[in-house]
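Below, chain A is the first sequence line, B the second, and so on; all start at residue 1.
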Amino acid sequence: MDNKRKLIQWLQETSFREVTLFVDFLVTAYISYFYVSQLVNASTEQLASIEWLSTVLFEVIVYSIALMVVSYIVLAFISDDELSRPMDVREKQINLVGYKYTAIILQVGVILALFQYNIAAQDFEFMQSSLPHLPLHILVGAFLIAELAHYGVQLYKGRSGDIYG
Amino acid sequence: MGNPEVNKIGISNSIRTLRFLNNEMTQKQLAEHIGVTRQTVMAIESNKYSPTLEVAFKIAEVFDLPLDKVFSYRSGR
């Protein structure tokens, strides 16, 4: 009974923006899973093939757009006009904190990818891996992790209220 | 046992009490009056977020009180 009351309270405290962020987080997590599972299940020939890689990346883009559109249509139906309401100052601050982490992860990803590219060009593997097109995978991975961090940080900061930490 | 939030250094407020005294105004109603989300009102009430000066004045205006009756500042000195 106590748990039920807590759940009801939690649902009442949950804003439409939190639901939207949570859906975005889940969609990004699914796309990340799809991308990683494609890489894990691919043969060595497929991994080396630029055609196969471009097909996978194209599928990732199509999945991203389709899932985002579907989720936003569903959210628009269940919202009570919160979708069109502008963010207040606190939400903008939380959004900026999210972008800060996104920027850090993307910067690290780009630097790692450039480092790997330069080192591989000199026939020296920075990461002990036989994965072809590794710099590209690092960039895509960094992008997906950055997106997850963007949504995750906003959810955490919005829920904990501690946006200055 | 004292409330640890009261002794905390920084900005504190009596919004929860004032809401109760104003016909048990809900957080959502207050949020609509001042143009922020209910989550922001919750964060302000629990002293986890310091509102902007504009929002602070709007809250005081809703309760028809001067700013220092709604918010108080406790420094470390």
Side-chain angles (χ1 to χ4, degrees), chain A residues 2 5-26 71-72 74-101 149-165, chain B residues 2-20 22-63 67 70-77:
Chain A
D2 194 43
R5 197 165 52 84
K6 278 181 184 172
L7 179 68
I8 291 168
Q9 191 187 354
W10 184 83
L11 285 171
Q12 284 172 344
E13 286 173 358
T14 304
S15 68
F16 177 73
R17 181 160 173 72
E18 278 181 310
V19 176
T20 310
L21 285 169
F22 189 63
V23 169
D24 287 342
F25 184 87
L26 287 180
S71 65
Y72 272 83
V74 172
L75 287 167
F77 273 113
I78 63 166
S79 81
D80 54 343
D81 298 333
E82 274 192 72
L83 194 62
S84 55
R85 206 173 288 171
M87 287 191 284
D88 63 30
V89 175
R90 178 175 163 272
E91 286 179 320
K92 283 177 185 167
Q93 284 176 319
I94 290 173
N95 195 249
L96 284 174
V97 173
Y99 273 121
K100 186 184 84 174
Y101 287 96
H150 181 60
Y151 300 131
V153 166
Q154 285 188 82
L155 280 168
Y156 173 73
K157 294 284 180 185
R159 177 57 54 170
S160 69
D162 180 24
I163 64 169
Y164 306 113
Chain B
N3 183 3
E5 291 293 327
V6 174
N7 300 322
K8 212 173 166 182
I9 294 167
I11 298 172
S12 59
N13 64 78
S14 49
I15 296 172
R16 200 184 299 261
T17 312
L18 291 169
R19 276 198 304 110
F20 183 76
N22 277 266
N23 300 323
E24 297 186 17
M25 181 190 284
T26 63
Q27 288 178 332
K28 193 174 182 181
Q29 286 171 327
L30 178 60
E32 281 166 2
H33 274 109
I34 60 176
V36 299
T37 61
R38 199 169 66 82
Q39 278 62 35
T40 298
V41 171
M42 279 170 58
I44 295 169
E45 269 192 13
S46 55
N47 296 321
K48 285 178 177 172
Y49 171 70
S50 299
T52 60
L53 202 52
E54 189 185 356
V55 169
F57 272 109
K58 280 181 180 175
I59 293 169
E61 193 180 39
V62 168
F63 297 121
L67 197 63
V70 183
F71 295 94
S72 56
Y73 179 68
R74 188 182 173 90
S75 74
R77 287 187 293 170

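Side-chain contact check for Arg17(A) versus Gln39(B): every heavy-atom pair is 4.5 Å or farther apart. Residues Glu91(A) and Thr37(B) have side chains in contact (heavy-atom distance under 4.5 Å, counting atoms from C-beta outward).
When heavy atoms are compared at a cutoff of 4.5 Å, Thr52(B) approaches chain A solely by way of its side chain, counted from C-beta outward.
The distance from the CD1 atom of Ile94(A) to the OH atom of Tyr49(B) is 8.5 Å, given to the nearest 0.5 Å. Note that CE of Met42(B) is 6.5 Å distant from CZ of Arg159(A), once rounded to the nearest 0.5 Å.
Within 6.0 Å of CD on Glu32(B) lie more than 12 heavy atoms contributed by other residues, nucleotides or ligands.
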